[in-house]
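Presented below is the structure to which this report refers.
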Protein chains: 2
Amino acid sequence: MEPVTMLLAMSYRAMGDRFHERLAQVGLEPLRPAHGYVFRFLAEKRATAQDLATHLGVTKQAAAKIVNELVEWRYVLREPHPTDKRAQYVTLTTKGRDYLRFADGMWADLEGEMAEIIGPERLDALKNDLKRYLDHTGVHHLRPVW
Amino acid sequence: MEPVTMLLAMSYRAMGDRFHERLAQVGLEPLRPAHGYVFRFLAEKRATAQDLATHLGVTKQAAAKIVNELVEWRYVLREPHPTDKRAQYVTLTTKGRDYLRFADGMWADLEGEMAEIIGPERLDALKNDLKRYLDHTGVHHLRPVW
DNA sequence: TCCTTGTAGACAACTTGGTTGACCATATCG
DNA sequence: CGATATGGTCAACCAAGTTGTCTACAAGGA
């Protein structure tokens with residue numbers, strides 16, 4: 001029997017691949033997981049590039065690159081920081097918020113698909129088991145660089 | 001509730017991190033997942049660099065780099081192909097086989113740890129559910145580049 | 001046999017997504 | 001006010017892959 005590690009990795013990959021397949025079908029830019037992480041972060045609070053860097057667990061330079069891409073693609077825009085003239089806030093555009101809704105819907109679809117296959121009650125049990133494992137091992141935040 | 005995708009990714013990462021922690025403790029070279037894949041492949045059959053490339057799902061050049069590292073670190077060695085003067089077989093050294101045993105033991109330990117946390121019967125169910133999902137989505141082989 | 005076509009492996013240049021280091025302008029604290 | 005810390009940018013580097021090219025050998029006809 002295959003080790004759990006493999007099964008976890010493969011399942012994650014399977015879902016991720018299906019996600020990106022559909023992304024490509026819709027003709028969207030090739031967004032990476034890190035971008036999704038940025039969107040979700042920005043949806044909750046205003047943040048500077050440095051805030052994003054901290055949240056993503058990368059250097060500010062790496063975060064700046066990501067922000068640059070997203071600005072070019074019109075998913076986010078920079079606006080002046082009200083009190084700190086060095087800093088700039090990064091905020092979601094309408095396109096950015098639309099993408100986030102779209103992505104959330106798709107993840108939900110994929111999870112629903114899984115529920116159909118293994119049964120909703122098994123899915124629930126599975127999620128609970130994984131959460132208990134994570135709780136025990138003390139992993140609560142995950143860098144989006146996988 | 002967090003989406004399954006996140007939970008799968010985080011659980012995989014948690015196990016992987018624990019694995020590499022222990023690797024580092026033992027003072028071994030910083031082997032990546034791809035290396036483990038190579039070992040497991042070589043343990044079963046003799047293979048050329050090209051065979052490995054196909055198995056790993058990367059170009060032969062990328063496979064050649066990996067083989068070079070492993071040769072430097074004395075985990076594998078090259079020997080002439082008996083019938084094809086172009087090709088070379090890559091075979092595990094004793095050090096390579098030792099590593100493989102060590103790694104297998106550690107993965108088993110980590111799985112045992114998970115069994116303790118969520119219960120052996122839940123672990124079993126979880127693995128079965130994931131397998132059913134993978135079966136359904138048609139993912140049977142996974143490239144080690146995650 | 002020879003000749004064409006295919007393939008294993010090496011070498012080099014490029015790409016991607018990160019890193020470190022240096023710097024400027026502005027903030028902040030004693 | 002002055003020393004020190006911090007946000008953002010620029011530039012150089014690195015790691016792990018890619019594509020493209022080349023050589024030597026293999027293999028299957030004509």
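Just so we're clear, the structure is a prediction, and the values are computed from it rather than from any experiment.
By the 4.0 Å N-to-carboxylate-O rule, B/Arg101 lies close enough to B/Asp98 to be salt-bridged with it. Under the 4.0 Å criterion applied to side-chain N and carboxylate O atoms, B/Arg40 and B/Asp104 are assigned as salt-bridge partners.
Comparing C/dT19, D/dT18, C/dA8 by their closest approach to the side chain of A/Val58 singles out C/dT19.
Contacts of B/Asp129 classified as salt bridge (charged side-chain N to carboxylate O under 4.0 Å, His left out), with partners at least two apart in sequence or in another chain: A/Arg122. Under the side-chain contact (heavy atoms from CB on, under 4.5 Å) criterion, A/Glu111 pairs with A/Leu123, A/Lys127, B/Pro3, B/Val4, not counting sequence neighbours. Evaluation of the salt bridge (charged side-chain N to carboxylate O under 4.0 Å, His left out) rule for B/Arg74 yields no partner, not counting sequence neighbours.
A heavy-atom distance below 4.0 Å to DNA chain D is reached by these residues of residues 39-50 of chain A, ordered by number: A/Thr48, A/Ala49, A/Gln50. Within a heavy-atom distance below 4.0 Å of DNA chain D, the residues of residues 63-80 of chain B found are B/Lys65.
Nearest heavy-atom pair across A/His35 and A/Trp73 is CE1-CZ3, 4.2 Å.
Here C/dG17 presents its P atom at 18 Å from OH of A/Tyr37, a figure rounded to the nearest Å. In this structure, B/His81 places its NE2 atom 10 Å from P of D/dA26, rounding to the nearest Å. Taking atom CG of residue A/Leu56 and atom C1' of nucleotide C/dT19, one finds them 15 Å apart after rounding to whole Å.
Taken to the nearest 0.5 Å, the CG atom of A/Leu126 stands 6.5 Å off from the CG atom of B/Leu8.
Dense packing is recorded around NZ of B/Lys95, with more than 12 heavy atoms of other residues, nucleotides or ligands lying under 6.0 Å away.
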So if I define the base as every atom that isn't primed, P, OP1 or OP2, how would nucleotides 22-30 of chain C read as a B/S/- string at a heavy-atom cutoff under 4.0 Å?
---BBS---
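Using bins of under 30°, 30° to 60° and over 60° for the plane-to-plane angle, the ring pair A/Tyr99/A/Tyr75 lands in the perpendicular bin. Between A/Phe19 and A/Trp107, the two ring planes are parallel [angle under 30°; tilted spans 30° to 60°].
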